[in-house]
Each structure stands twice: as C-alpha cells, then as structure tokens.
Amino acid sequence: MIEISRLSKYFGNTRALADISLTFQDGILHGIIGPAGAGKTTLLRLMVSLLKKDAGEIAYFLEGKQVQFSQIRQDIAYMPQQQSLYADLSVEEHMKFFASMYGVDKNTYKNLSRRLYGITRLEKFKDRPAGKLSGGMYKKLGLMCVLLRSPKIILLDEPTNGVDPLSRREFWSILNNAVADNVLVIMTTAYMDEAERCGCVHLMENGTVIDAGEPQQLLLRDNVENFDQFFLKRARKNE
C-alpha cells in the first residue's frame, strides 16, 4: 500500500501539485485520470524519488508495516511515458539485458519469458529491433521488461498513449493479470474511456485531486455516462 498525505510540488513559481492526499491499496488497478497538466507525471516521479517533494509525506507499506523507500525500492517498477528502450537492440536482447540487470536466474528467466511472450504475442518478433516495432508492440516490450523484475508495485505513466486499439486491449489484459497476482498497479492516462476499466480512479485537475472512488459509483452519483461528461460538468460548474 502507498499513502500520500498533503503532498505538494512546485517548479519555481508554478504549482504542479497542491496539498494532495491519496491511498493506493494493493490488488486493485488504480487509474490516475486527468488532462495534460493535471500533475499526473509529477506525482509518479515523486513516488519513485525521481523528484524531491516540497511538502507532505509518501508512506510505503509492505505486509501491513510501514517501510522506508530504500527497503521497497527493488520491488517497484516504473515505466515512464517517454521512450526508454534501445532502438538498436532486439526484443530478445532487451529481455536478456533486463533479466541480467535484475539478477534473474536462467531457469526463472526461461519460465517467465515464455509466459510474457505468450501474453504479449511478441514471440515471433524476438529478433526485431525496438526501433522498428509499432507503438503498441514497443509499449508491450517495455511492460515485459518491467514485469521481468517480478515487482510488487508497478507505476505506469500513460502506457497506452499512442497505442492502437487492439494493443490497448492486450495491454489491459496484462495489467489485469498482474492485479490478479496481487501486484499494486498504478497508471496514469488522459483517455477518459480507460477510467472505467480501473478498479479505483483518482481524478486530477490543475495539480489537485478532485475526486476518487470506484468508477461506476462516481458516474452514478454525478448522473453522467462517462468521465468526459464528468469533467465537462465540473468545468461548467466552475464557470
């Protein structure tokens, strides 16, 4: 579990996050939903200590006990929004490189890679360089490399951005499998239709959390059909 209390972050005079509080329970696919500039990427970077917070606390819990970030760092996998793979390395070379970096032994790698190739359908593209993969395949390779670590927490920054509809469905299937294995999955997205696929959504706007809860309950409460309408209705109220 991760608990965030009154977290704030400024870049000069620009407020990126303002006094936000969130709770992320394991066994649930959490979606951080909001338009560009909402503060989603900044939040993830703070959670993996790529940025320093200006105020507030980020508490990590393992088996019900609070632990320091240094104690759980190796159990966290982070997939940034920008391209982070090596264009000239093949799919298989990436897998072996990350397995070596994570200290995955040969037998574990053999079994894990077979499973990952099966669920991503990338086995027949093992020899293709990452730079020549489609957007959807590239993102799936990135997720495969993340899952080689067998993490307890996965943080994904807009992983389906620019991905074709079929690959998006396959991507969600992979994430749901991870959640079924009791992995804490937190992803950001600006695609409002994806909010309804999450177990819990945390809606952000202008560096603040405006609502959180189970998607259908939020929609029913506000009498809207989807989250596009949710944000539009909110904007009209604030005019």
Under 3.5 Å, which donor-acceptor pairs link side chains of residues 54-62 to any protein atom two or more places apart or in another chain?
unit_1: D54; atom_1: OD2; unit_2: Y10; atom_2: N; d: 2.6
unit_1: Y60; atom_1: OH; unit_2: M47; atom_2: O; d: 2.4

When rounded to the nearest 0.5 angstrom, what distance separates [atom1] in [X] from [atom2] in [Y]?
| X | Y | atom1 | atom2 | answer |
| --- | --- | --- | --- | --- |
| S113 | E123 | OG | CD | 8.5 Å |
| I32 | L43 | CD1 | CG | 4.5 Å |
| T160 | K139 | OG1 | NZ | 7.0 Å |
| D222 | K233 | CG | NZ | 5.0 Å |
| L89 | L141 | CG | CG | 10.0 Å |

Any ring pair (Phe, Tyr, Trp, His ring centres under 6.0 Å) pairs touching residues 114-162, not counting sequence neighbours?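 Listed once each, the pairs would be none.
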Using the ring pair (Phe, Tyr, Trp, His ring centres under 6.0 Å) rule, collect all pairs that involve residues 166-193, keeping only residues at least two apart or in two chains.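 For residues 166-193: none.
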Test: salt bridge (charged side-chain N to carboxylate O under 4.0 Å, His left out). Region: [range]. Which pairs qualify, not counting sequence neighbours?
| range | value |
| --- | --- |
| residues 29-52 | K40-E158 |
| residues 62-75 | D75-K152 |
| residues 193-214 | R168-D193, R168-E194, E205-R234, D211-R221 |

Audit row: L112, L147, side chain to side chain contact (heavy atoms under 4.5 Å, CB included) steps and yes/no: CA-CA 9 Å; L112 190 53; L147 292 173; over 6 Å; no
Residues that [X] engages under side-chain hydrogen bond (donor to acceptor under 3.5 Å, both in side chains), provided they are two or more places apart:
| X | result |
| --- | --- |
| T120 | none |
| R15 | none |
| D181 | R115 |
| N177 | none |

Restricting to non-hydrogen atoms, name the atom on A178 and the atom on V185 that form the minimum distance, rounded to 0.1 Å.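 Looks like CB-CG2, 4.1 Å.
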May I ask you to decide if the ring planes of F98 and H94 are parallel, tilted or perpendicular, using 30° and 60° as cut-offs?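 Rings of F98 and H94: parallel, as their planes differ by under 30°.
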Donor-acceptor contact below 3.5 Å, side chain [X] vs main chain [Y]:
| X | Y | result |
| --- | --- | --- |
| R149 | I76 | yes |
| Q229 | E225 | yes |
| K9 | L17 | no |
| S21 | R6 | yes |

Distance-only donor-acceptor check, side chains D157 and T188, under 3.5 Å: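 Note: D157 and T188 side chains meet the donor-acceptor criterion.
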For D26, which residues count as a salt bridge (Lys or Arg N to Asp or Glu O under 4.0 Å) partner, sequence neighbours excluded?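 In terms of salt bridge (Lys or Arg N to Asp or Glu O under 4.0 Å), with neighbours along the sequence ignored, D26 is linked to no residue.
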In chain order, what residues pass the salt bridge (Lys or Arg N to Asp or Glu O under 4.0 Å) check against R128, with sequence neighbours excluded?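 For R128, no residue satisfies salt bridge (Lys or Arg N to Asp or Glu O under 4.0 Å) once neighbours in sequence are set aside.
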Show, in sequence, the C-alpha distance, side-chain angles and deciding distance for H30 and L184, and conclude whether the side chain to side chain contact (heavy atoms under 4.5 Å, CB included) test is met. CA-CA 8 Å; H30 293 266; L184 170 55; 3.5 Å; yes
For side chain to side chain contact (heavy atoms under 4.5 Å, CB included), just list the numbers for F230 and M192, CA-CA rounded to whole Å, side-chain angles, deciding distance to a tenth of an Å, and then say yes or no. CA-CA 10 Å; F230 181 97; M192 296 298 146; over 6 Å; no
L46/I4 under side chain to side chain contact (heavy atoms under 4.5 Å, CB included): CA gap, chis, key distance, verdict: CA-CA 10 Å; L46 286 166; I4 294 174; over 6 Å; no
